[in-house]
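Take a look at the structure set out below.
Below, all heavy atoms of this structure are taken into account, side chains as well, without hydrogens, waters or symmetry copies.
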Amino acid sequence: METKEVERKTLNDDMEHTKFMRFFSAVFYACSSFFIIVVNKSILTQFKFPSFMFLGIGQMTATIIILYVAKMNKMIHFQDFDKSIPGKIFPLPLLYVGNHVTGLGGTKKLSLPMFTVLRKFTILLTMIMESRILRKTFPPSLVFSVLAIVLGAVVAASSDLSFNAEGYTFVLLNDFFTAASGVYTKKKLGMEELGKYGVLFYNAFIIIIPTVLASAYIGDLQKALAFEGWLSFTFIFYFLLSCIMGFILMYSIILCSFYNTALTTTVVGAIKNVAVMYIGMFVGGDYIFSWTNFIGLNICISAGLMYSYITFSGGSSSEANVKPSEVTAIHITDDHPEKT
């Protein structure tokens, strides 16, 4: 009897830990995403740094260096490189590049309100892909909250809608790549050989070389290296901070995807963007008030809170995708034993 009682208590403790980590990882991702926006905006606007692509290269480099040093010091563990790695990590690098290219194209072609509306369809695509690829099921209340988020975005932008065929194509492709990247990241996290850190390291390792070559080909790399701000200690500090935050953001996405569904990670990112727009009503002075926009934003926020309540209160069975035993097993293979 005592053994069963101990096992039951251990199981309950593991469940509480998992529930806490689901919530913590989502908040961690939202905060990391918000903070890197502030840092990157300062670099690209205040300092007028000419290359967002070089900034991305810096963030990938920081990710590779941090994880490699941690692995060499036995702080973390992931599979050594061999010929099986590209097959195991595929198609994440291609999805990342596709996401990056189509995202830039859509931003240039559409107004911000229309871009915001179309980007919300990422949530629907993620839900569909999870149900098809990962065989997830979602309760009606969760589906309703997702549809309400999309509806709120449409209402918010309805006063400033414009049609641009090329822009629509870019953003809808961007939605597809973003959703597929989230779903396949979740799928790759189930591979014990790679683990959280292996997915992060090898994705950045494979992507960085073609990104540098592409940057040099279009002249972006030359502009970045010739930037006069490299002589400023303040700029260097912000640049290095962005690189480190890039690693933290990528890790927070992996962590959120590991403890939650890919859908939750996508929704957290979307609601964070709406929250930033909401804050913009009172801070910054560049928000133009309209009732349709205000009502739409409130629908988005309300639906996001509904989604969060259903998910983190334990009302969504689809979120219980990380069993306590699985958490323990993955921590042993993914982290240093002394850390667990």
Query raised in the report: Does any non-hydrogen side-chain atom of Phe235 lie less than 4.5 Å from one of Ile43?
Result: yes

Query raised in the report: Is the CZ atom of Phe144 crowded by more than 12 outside heavy atoms at less than 6.0 Å?
Result: no

Query raised in the report: Can you tell which of Ile66, Ile64, Ile65 makes a side chain to side chain contact (heavy atoms under 4.5 Å, CB included) with Phe247?
Result: Ile66

Query raised in the report: Is the CZ atom of Phe81 crowded by more than 12 outside heavy atoms at less than 6.0 Å?
Result: yes

Report summary line: Between the CG atom in Asn203 and the NZ atom in Lys188, the distance rounded to the nearest 0.5 Å is 10.5 Å

Query - Side chains of Ile206 and Tyr96 in contact at under 4.5 Å (non-hydrogen atoms) - result: no

Query raised in the report: Hey, does the side chain of Gln79 reach the backbone of Gly198 with a donor-acceptor pair shorter than 3.5 angstrom?
Result: no

Query - Straight-line distance of Lys136 NZ to Thr261 OG1, nearest 0.5 Å - result: 7.0 Å

Report task. For the pair Tyr251 and Thr63, evaluate side chain to side chain donor-acceptor pair (under 3.5 Å) and give the outcome as yes or no after the intermediate values. Result -> CA-CA 9 Å; Tyr251 177 71; Thr63 298; over 6 Å; no

Query raised in the report: Is the backbone of Ile253 close enough, under 3.5 Å, to the side chain of Ser257 for a donor and an acceptor to pair up by distance?
Result: yes

**Report entry** Option among Thr122, Val146, Val267 that satisfies the side chain to side chain contact (heavy atoms under 4.5 Å, CB included) test with Met127
**Finding:** Val146

**Report entry** Thr264 side chain reached by Tyr307 side chain, heavy atoms, under 4.5 Å
**Finding:** yes

Query raised in the report: Under a 4.5 Å cut-off applied to non-hydrogen side-chain atoms, are Asn298 and Ile301 in contact?
Result: no

Query raised in the report: Got Thr266 and Thr178 here, is their nearest side-chain heavy-atom distance under 4.5 Å?
Result: no

Query raised in the report: Any sub-3.5 Å donor-acceptor pair from Asn260's side-chain atoms to Thr265's backbone N or O?
Result: no

Requested in this report: Verify the ring-centre separation between Tyr259 and Phe23: is it less than 6.0 angstrom?
Outcome: no

Query raised in the report: Are any side-chain N or O atoms of Ser33 and backbone N or O atoms of Tyr29, one a donor and one an acceptor, separated by less than 3.5 Å?
Result: no

**Report entry** Check: Lys196 side chain, Leu255 main-chain N or O, donor-acceptor pair, under 3.5 Å
**Finding:** no

Requested in this report: Return yes when atom OH of Tyr184 has more than 12 non-hydrogen atoms of other residues, nucleotides or ligands closer than 6.0 Å, and no otherwise.
Outcome: no

Query - Side-chain touch Tyr202/Lys88, heavy atoms, less than 4.5 angstrom - result: no

Report task. Report, as yes or no, whether the 6.0 Å neighbourhood of atom NZ on Lys71 holds more than 12 heavy atoms from other residues, nucleotides or ligands. Result -> yes

Requested in this report: Anything under 30° is parallel, anything over 60° is perpendicular, the rest tilted; go ahead and classify Tyr238 against Phe47.
Outcome: tilted

**Report entry** Value rounded to 0.5 Å, distance of CD1 in Ile248 from OG in Ser242
**Finding:** 11.0 Å

Report task. Look up atom SG in Cys243 and atom CD1 in Ile57, then write down how far apart they are to the nearest 0.5 Å. Result -> 10.5 Å

**Report entry** Validation row: Leu263, Val183 side chains within 4.5 angstrom (heavy atoms)
**Finding:** no

Query - Side-chain heavy atoms of Phe205 within contact of Tyr68, under 4.5 Å - result: no

**Report entry** Distance in Å, Lys120 NZ paired with Leu151 CG, rounded so as to fall on 0.5 Å steps
**Finding:** 12.5 Å

Query raised in the report: When rounded to the nearest 0.5 angstrom, what distance separates CD1 in Ile89 from CG in Leu94?
Result: 11.5 Å

